[in-house]
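First the structure, in the form of structure tokens, and then the observations on it.
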There are 2 protein chains.
Amino acid sequence: MPFRKVPALTVSRLSVYHRALSTLPDEWIISSEEISDLTGYTAAQIRRDLTYFGQFGTPGRGYIVAELRQRIGHILGIDQDWKVALVGIGHLGSALLAYQGFCERGFNIVAAFDNDITKIGKKWEGIVIEDISRLAESAVEKDIQMGILAVPAKAAREAFDLAVAAGIKAILNFAPVRLTPPEGIQLINVDLAAEMERLSFFLARSRS
Amino acid sequence: MPFRKVPALTVSRLSVYHRALSTLPDEWIISSEEISDLTGYTAAQIRRDLTYFGQFGTPGRGYIVAELRQRIGHILGIDQDWKVALVGIGHLGSALLAYQGFCERGFNIVAAFDNDITKIGKKWEGIVIEDISRLAESAVEKDIQMGILAVPAKAAREAFDLAVAAGIKAILNFAPVRLTPPEGIQLINVDLAAEMERLSFFLARSRS
DNA sequence: CGCTGTGAAATCCTTCACAGCC
DNA sequence: GGCTGTGAAGGATTTCACAGCG
């Protein structure tokens, strides 16, 4: 139930602001100009992004680091921990399991699923891999709120449907397929091949 | 030297169109409406995206699949193979090394670098890991055009500078740090924690 | 005086709607 | 008749510029 319409990119930038603020002492006071230097976004952009969520600073002074950081954290929902299910324990999946960056920011992978019988029951990074058919059951049991799909393209649709059926409402998908989320489900796609293709587009262009 | 200004998102969508076309027989003729069904983008959007690059179809008929696919592939620069250096062979790096999706789309990781002495000289996925100090030398030797940075945040700036010094002009960065590319260098950031935070933003909002 | 917060302008991107060709 | 390619309209996002407060 969003109170105000927030541009999609604003949210990504909030993450960047938050990380920049994490490097600074709590009691410092910082201006939008200084955040600009730290993040590369313009000062006007930063101030505008913040207006979607209320008032944050003191005119003539700036923003108190601790307060701004805390409030952005609250907006992003990272002042709490989230429980995440990882589906697909191939190369990418196991890398994500081991990736400390998620844990640091409050995303705890508490369950892992695969359909490969040779993997099920094995322990990776302290987590026992379960059969994907147990997703719904396990998700409820463990109170899981988010899912990461790191399965092959062919399996993505089915994994997605299982996750939705399991009551998971926020899903990060690495498979290069189009999934159509039902109402109320947040789906974010990370398409690595497409990112590489943006690079090759650039190279191909600058050559001609 | 872009001939026309192309919106950033248009390029990502071209990747999607190309992949959709890859599933269809060469000789089929397809309308923008049908591509829309396949990709989820509107027909008008698809036609508009194509106008940035010239004429592609036949009014009253549609697009010849093979021709459209080939021409989009050429625009994206994926009608040729690219040689890629991977920097940072941690969890994510080794997953990317093993990831077949890149190879399939013409991105060949031909060299891998790390600064961990225990990894250097070892072979992963058929590639011998080299000392990062050899990046410039090796990049020239192997005619490498792209780089992927999968290093920790602290090491990202240095790895980036080394890659640029090695003449690499297109870089995909997974480290959550701001890098400022010099003129003529294409930098794309993939920020996984920020993507997760977009999800938690959504969950936190829909709760209140 | 310095800096935030924000109307208003400018820019960028998407959608509409249809002329023109097959 | 059907569908592309594209001006023009519409919408969204970013930037400008400054009122107003500390």
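By convention in this document, chain letters (A, B, ...) are assigned in the order of the sequence lines, proteins followed by strands, and residues within each chain are numbered from 1.
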Please write out the pairs of protein N or O atoms and N or O atoms of nucleotides 7-11 of chain D separated by less than 3.5 Å, giving the distance to one decimal.
| from | atom 1 | to | atom 2 | distance (Å) |
| --- | --- | --- | --- | --- |
| D:dG7 | N7 | B:Arg48 | NH2 | 3.3 |
| D:dG7 | O6 | B:Arg48 | NH2 | 2.7 |
| D:dA8 | N6 | B:Arg48 | NH2 | 3.1 |

Could you pull out the protein-nucleic contacts involving nucleotides 9-11 of chain C (nitrogen or oxygen on both sides, under 3.5 Å)?
none

Determine: side-chain N/O of [X] to OP1/OP2 of [N], distance under 4.0 Å, yes or no.
{"X": "B:Ser32", "N": "D:dT4", "value": "yes"}
{"X": "A:Gln45", "N": "D:dC16", "value": "no"}
{"X": "B:Tyr63", "N": "D:dG5", "value": "yes"}

Open item on the list: For a quick check of understanding: with a heavy-atom distance under 4.0 Å over all strands, which category does A:Thr42 fall into, base, sugar-phosphate or nothing?
Closed with: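 Sugar-phosphate, backbone atoms only, no base.
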TODO: Pick base, sugar-phosphate or nothing for B:Gln55, based on heavy-atom distances below 4.0 Å to the nucleic acid.
DONE: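 Here B:Gln55 touches the backbone only, sparing every base.
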Check nucleotides 18-22 of chain C against the protein and report each pair of N or O atoms closer than 3.5 Å, with its distance, or say if there are none.
| from | atom 1 | to | atom 2 | distance (Å) |
| --- | --- | --- | --- | --- |
| C:dC22 | O4' | B:Pro59 | O | 3.0 |

Rounded to the Å, how far apart are [X] [atom1] and [N] [atom2]?
{"X": "A:Phe56", "N": "C:dG5", "atom1": "CZ", "atom2": "P", "result": "8 Å"}
{"X": "A:Arg71", "N": "C:dT4", "atom1": "CZ", "atom2": "P", "result": "14 Å"}
{"X": "B:Asp49", "N": "C:dC12", "atom1": "CG", "atom2": "C1'", "result": "14 Å"}
{"X": "B:Glu33", "N": "D:dG1", "atom1": "CD", "atom2": "P", "result": "18 Å"}
{"X": "B:Ile29", "N": "D:dC3", "atom1": "CD1", "atom2": "P", "result": "11 Å"}
{"X": "B:Ile35", "N": "D:dG5", "atom1": "CD1", "atom2": "P", "result": "10 Å"}
{"X": "B:Arg13", "N": "C:dC12", "atom1": "CZ", "atom2": "C1'", "result": "12 Å"}
{"X": "A:Tyr41", "N": "D:dT14", "atom1": "OH", "atom2": "P", "result": "10 Å"}

Would you find a donor on one side and an acceptor on the other, under 3.5 Å apart, between the side chain of [X] and the backbone of [Y]?
{"X": "B:Asn173", "Y": "B:Asn189", "value": "no"}
{"X": "A:Gln145", "Y": "A:Lys83", "value": "yes"}
{"X": "B:Arg198", "Y": "A:Leu76", "value": "no"}
{"X": "B:Glu34", "Y": "B:Ser31", "value": "yes"}
{"X": "A:Ser206", "Y": "A:Leu203", "value": "yes"}

Open item on the list: Taking B:Arg19 first and then A:Asp191, would you say they form a salt bridge - that is, a charged N and a carboxylate O separated by under 4.0 Å?
Closed with: yes
TODO: Inspect the contact between A:Arg47 and A:Glu33 and indicate whether a charged nitrogen and a carboxylate oxygen are less than 4.0 angstrom apart.
DONE: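 Salt bridge absent between A:Glu33 and A:Arg47.
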Open item on the list: Is the terminal nitrogen or CZ of B:Arg71 (NZ for Lys, CZ for Arg) located under 6.0 angstrom from the six-membered ring centre of B:Phe53 and within 45° of that ring's axis?
Closed with: no
Open item on the list: Can you give me the closest heavy-atom contact between A:Thr39 and A:Tyr17, atom names plus distance?
Closed with: CG2-CD2, 4.1 Å
Task: Residue pair A:Asn115 / A:Ile132: nearest heavy atoms and the distance that separates them - done: CB-CG2, 4.0 Å
TODO: Determine, step by step, whether A:Lys142 and A:Glu130 satisfy the salt bridge (Lys or Arg N to Asp or Glu O under 4.0 Å) criterion, reporting the C-alpha distance in whole Å, the side-chain angles of both residues, the deciding distance to 0.1 Å, and the verdict.
DONE: CA-CA 13 Å; A:Lys142 292 179 177 152; A:Glu130 301 174 66; 2.9 Å; yes
Open item on the list: Assess, by modelled atom type and distance only, whether the side chains of B:His18 and B:Arg105 contain a donor and an acceptor separated by less than 3.5 Å.
Closed with: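 A donor-acceptor contact under 3.5 Å links the two side chains.
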